[in-house]
Amino acid sequence: MARVALVTGGTRGIGASISKTLKAAGFNVAANYGGNDEAAQKFKSETGIPVFKWDVSSFEACEAGIKQVESALGPVDVLVNNAGITRDAMFHRMTLVQWQQVINTNLGSLFNMTRPVWEGMRARKFGRVINISSINGQKGQMGQVNYSAAKAGDLGFTKALAQEGARAGITVNAICPGYINTEMVQAVPKDVLEKSILPLIPVGRLGEPDEIARCVAFLASDDAGFITGSTITANGGQYLA
Ligand code: CAA
């Protein structure tokens, strides 16, 4: 039986690439998404991967959504916590709403999504939890106090939960992408991207979503069974953690 993989934010950007790569690797994939119905339907018709809509910042929505996925596909073996948003602003202009939205979506979602699948993984003695953090959780980024705090929190979550899962056959790892060629990075003002970001990437280009998806596929595989609590850094040499 193919293992079931659930990818949050799995219909666009890095998440879409992760969903497709896991499907190609033989997983039975479900892709969650938060709001963009049009993109989700296009993704579904192009890939044949079923899509499920809910807000990962709500615990109740995650419980209900995961129940739907499990009745359609079976228990979740691999959870990829990929969904994330930016609400960039210098701290002196950042609002409480911008802070809360990013913390709840990018960090709160790890609790909301992982808690409902955790007991099942423990009972079955197998699981893979893969959290998509960010270079900016490692190094901090001006204009992203909210995002950097949430993404750094994702790394603490990963390291602590990995210790709890180890004896139960569950690995918990994080990936820290650098600047990847997605809509999120394209939303950065062009002059900031060209003058302040690209020159800092030693390989001289943005990363591609597939370059992150291949890291996820490796961590999800049986080959990665001895790797837990770790962080894979994939940033073109921009920050050497
Ligand atoms: N790196 C270095 N310098 C930066 C910078 C960055 N990422 N972002 C802004 N700056 C600099 C600007 O170049 C500018 O410098 P000068 O005054 O010398 O021109 C200064 O900071 C102020 O910037 P703005 O004039 O743009 O100020 P603003 O208040 O209009 O906007 C901002 C502030 C919203 C933070 C805007 O600059 C911005 O969006 N910056 C990009 C922040 C960023 O890197 N976000 C990452 C998004 S992608 C992502 O998050 C994915 C991931 O995981 C990597």
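Ligands are counted one by one from 1 in listed order, and the atoms in each one are counted from 1 as well. As the structure is a prediction and not an experimental result, all values here were calculated from the model. Heavy-atom basis, side chains included; hydrogens, waters and symmetry copies ignored.
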K.L.:
Output the list of atoms in ligand 1 that are nearer than 4.0 Å to some heavy atom of I197, sorted by atom number.
P.N.:
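Counting atoms of ligand 1 from 1, those under 4.0 Å from I197 are 7 (N), 44 (O).
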K.L.:
At a 4.0 Å threshold, what atoms of ligand 1 neighbour a non-hydrogen atom of V185?
P.N.:
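That gives atoms 48 (S) of ligand 1.
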K.L.:
Could you tell me the residue and atom name of the protein heavy atom closest to atom 50 (O) of ligand 1, and the distance to it rounded to 0.1 Å?
P.N.:
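Minimum-distance protein heavy atom for atom 50 (O) of ligand 1 reads Q144 NE2, 2.9 Å.
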K.L.:
Do Y179 and N136 come close enough that some side-chain heavy atom pair is under 4.5 Å?
P.N.:
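They are in contact (side-chain heavy atoms under 4.5 Å apart), so the answer is yes.
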K.L.:
With a 3.5 Å cut-off and no angle check, do the side chains of N181 and Q186 form a donor-acceptor pair?
P.N.:
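N181 vs Q186: donor-acceptor pair found between side chains.
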K.L.:
So is there a nitrogen or oxygen of T86 less than 3.5 Å from a nitrogen or oxygen in ligand 1?
P.N.:
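No.
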K.L.:
Are any of the side-chain heavy atoms of V185 and I197 separated by less than 4.5 Å?
P.N.:
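Heavy-atom side-chain distance check fails, nothing below 4.5 Å.
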K.L.:
For atom 37 (O) of ligand 1, what's the nearest protein heavy-atom neighbour? Residue, atom name and distance, please.
P.N.:
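Scanning the protein heavy atoms, the shortest distance from atom 37 (O) of ligand 1 goes to V192 CG2, 3.9 Å.
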K.L.:
Tell me, yes or no, whether the heavy-atom count around K44 atom NZ, taken from other residues, nucleotides or ligands under 6.0 Å, exceeds 12.
P.N.:
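For K44, atom NZ is not crowded (no more than 12 foreign heavy atoms under 6.0 Å).
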K.L.:
Heavy-atom distances under 4.0 Å are what count here, so tell me which part of N136 touches ligand 1: side chain, backbone, both or neither.
P.N.:
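Only the side chain of N136 comes within reach of ligand 1.
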K.L.:
Within the 4.0 Å heavy-atom shell around M90, which atoms of ligand 1 are there?
P.N.:
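So the answer, numbered in order with elements, is 21 (O), 22 (C).
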K.L.:
Which bit of K151 is near ligand 1, meaning a heavy atom under 4.0 Å away: side chain, backbone, both or neither?
P.N.:
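Under 4.0 Å from ligand 1, K151 contributes no heavy atoms.
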K.L.:
Group every Ile, Leu, Val, Met, Phe, Trp and Tyr by side-chain heavy-atom contacts under 4.5 Å, then state whether L219 and V129 land in the same group.
P.N.:
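Different clusters.
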K.L.:
Under 4.0 Å from atom 8 (N) of ligand 1, is there any protein heavy atom?
P.N.:
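For atom 8 (N) of ligand 1 the answer is yes, since some protein heavy atom falls inside 4.0 Å.
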K.L.:
Answer yes or no for atom 48 (S) of ligand 1: protein heavy atom present at a distance under 4.0 Å?
P.N.:
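Yes; the ligand atom in question has protein heavy-atom contact below 4.0 Å.
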K.L.:
What is the nearest protein non-hydrogen atom to atom 41 (C) of ligand 1, stated with its residue, atom name and distance?
P.N.:
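Checking every protein heavy atom, the shortest distance to atom 41 (C) of ligand 1 gives V188 CG1, 3.8 Å.
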K.L.:
Relative to the heavy atoms of S134, which atoms of ligand 1 are at a distance of less than 4.0 Å?
P.N.:
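Within the 4.0 Å cut-off of S134, ligand 1 contributes 52 (C), 53 (O), 54 (C).
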K.L.:
One residue to check: P189. Relative to ligand 1, which of side chain, backbone, both or neither has a non-hydrogen atom less than 4.0 Å away?
P.N.:
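It is the side chain that touches ligand 1; the backbone stays farther off.
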K.L.:
Count the heavy atoms of every other residue, nucleotide or ligand shown that sit under 6.0 Å from CZ of R124, and state whether that count exceeds 12.
P.N.:
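Counting other residues, nucleotides and ligands, CZ of R124 exceeds 12 neighbours.
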K.L.:
May I ask you to identify the nearest protein heavy atom to atom 21 (O) of ligand 1, giving residue, atom name and distance to one decimal place in Å?
P.N.:
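The closest one turns out to be M142 CE, 3.3 Å.
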K.L.:
Think R128 forms a cation-pi with F27, using NZ or CZ under 6.0 Å from the six-ring centre and within 45 degrees of its axis?
P.N.:
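Cation-pi check for R128 and F27: fails.
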K.L.:
May I have the step-by-step check of side chain to side chain donor-acceptor pair (under 3.5 Å) for T114 and N81, ending in yes or no?
P.N.:
CA-CA 8 Å; T114 311; N81 286 312; 3.2 Å; yes
K.L.:
For I49, does its backbone N or O pair with a side-chain atom of K23 as donor and acceptor, under 3.5 Å?
P.N.:
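Judged by distance alone, no pair lies under 3.5 Å.
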K.L.:
Which protein heavy atom lies closest to atom 44 (O) of ligand 1, and at what distance to 0.1 Å?
P.N.:
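Here the closest protein heavy atom is Y179 OH, 2.9 Å.
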K.L.:
Considering only protein heavy atoms, determine whether one is less than 4.0 Å from atom 19 (O) of ligand 1.
P.N.:
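Under the 4.0 Å cut-off, atom 19 (O) of ligand 1 has no protein heavy-atom neighbours at all.
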K.L.:
Just to confirm, does any protein heavy atom lie below 4.0 Å from atom 24 (P) of ligand 1?
P.N.:
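No, no protein heavy atom sits under 4.0 Å from atom 24 (P) of ligand 1.
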K.L.:
Of the side chain and backbone of Q141, name the one, both, or neither that has a heavy atom under 4.0 Å from an atom of ligand 1.
P.N.:
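Side chain only.
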K.L.:
Scan the protein's non-hydrogen atoms and note whether one is under 4.0 Å from atom 14 (C) of ligand 1.
P.N.:
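Flag for atom 14 (C) of ligand 1 set to false, no protein heavy atom closer than 4.0 Å.
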K.L.:
If we ignore hydrogens and angles and just use 3.5 Å, is the side chain of T228 paired with the main-chain N or O of V172 as donor and acceptor?
P.N.:
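Side chain of T228 to backbone of V172: a pair is present.
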K.L.:
May I ask you to list the atoms of ligand 1 that are less than 4.0 angstrom from any heavy atom of M184?
P.N.:
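Near M184, meaning under 4.0 Å from one of its heavy atoms, ligand 1 has 49 (C), 51 (C).
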K.L.:
Any side-chain donor-acceptor pair under 3.5 Å between D55 and S57?
P.N.:
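S57 and D55 do have a side-chain donor-acceptor pair below 3.5 Å.
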K.L.:
Test of understanding: given a 4.0 Å heavy-atom threshold, classify the contact between D88 and ligand 1 as side chain, backbone, both, or neither.
P.N.:
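It is both parts that get close, each with some atom under 4.0 Å.
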K.L.:
Would you mind checking which non-hydrogen protein atom is closest to atom 35 (C) of ligand 1, with the distance to 0.1 Å?
P.N.:
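Answer for atom 35 (C) of ligand 1: G143 CA, 3.5 Å.
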K.L.:
Is there at least one protein heavy-atom neighbour under 4.0 Å from atom 29 (O) of ligand 1?
P.N.:
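At least one protein heavy atom is under 4.0 Å away.
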K.L.:
What protein heavy atom sits nearest atom 2 (C) of ligand 1, and how far away is it?
P.N.:
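Nearest protein contact, heavy atoms only, for atom 2 (C) of ligand 1 is S196 CB, 3.3 Å.
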K.L.:
Can you find a side-chain donor-acceptor pair between T8 and N32 that sits under 3.5 Å?
P.N.:
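There is no such pair (donor and acceptor under 3.5 Å, judged by atom type) between the side chains of T8 and N32.
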K.L.:
Once you round to the nearest 0.5 Å, how far does CG of L200 lie from CG of N235?
P.N.:
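Going from CG on L200 over to CG on N235, the span is 11.0 Å.
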K.L.:
Spell out, as yes or no, whether a donor-acceptor pair under 3.5 Å connects the side chain of N106 to the backbone of K151.
P.N.:
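No.
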K.L.:
Under 4.0 Å from atom 53 (O) of ligand 1, is there at least one protein heavy atom?
P.N.:
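Yes, there is a protein heavy atom closer to it than 4.0 Å.
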K.L.:
Distance check, rounded to the nearest 0.5 Å: I66 atom CD1 versus M113 atom CE?
P.N.:
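Reported to 0.5 Å precision, the distance equals 4.0 Å.
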K.L.:
Does ligand 1 have an atom under 4.0 Å from some heavy atom of G178?
P.N.:
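The answer is yes, since G178 has a heavy atom less than 4.0 Å from ligand 1.
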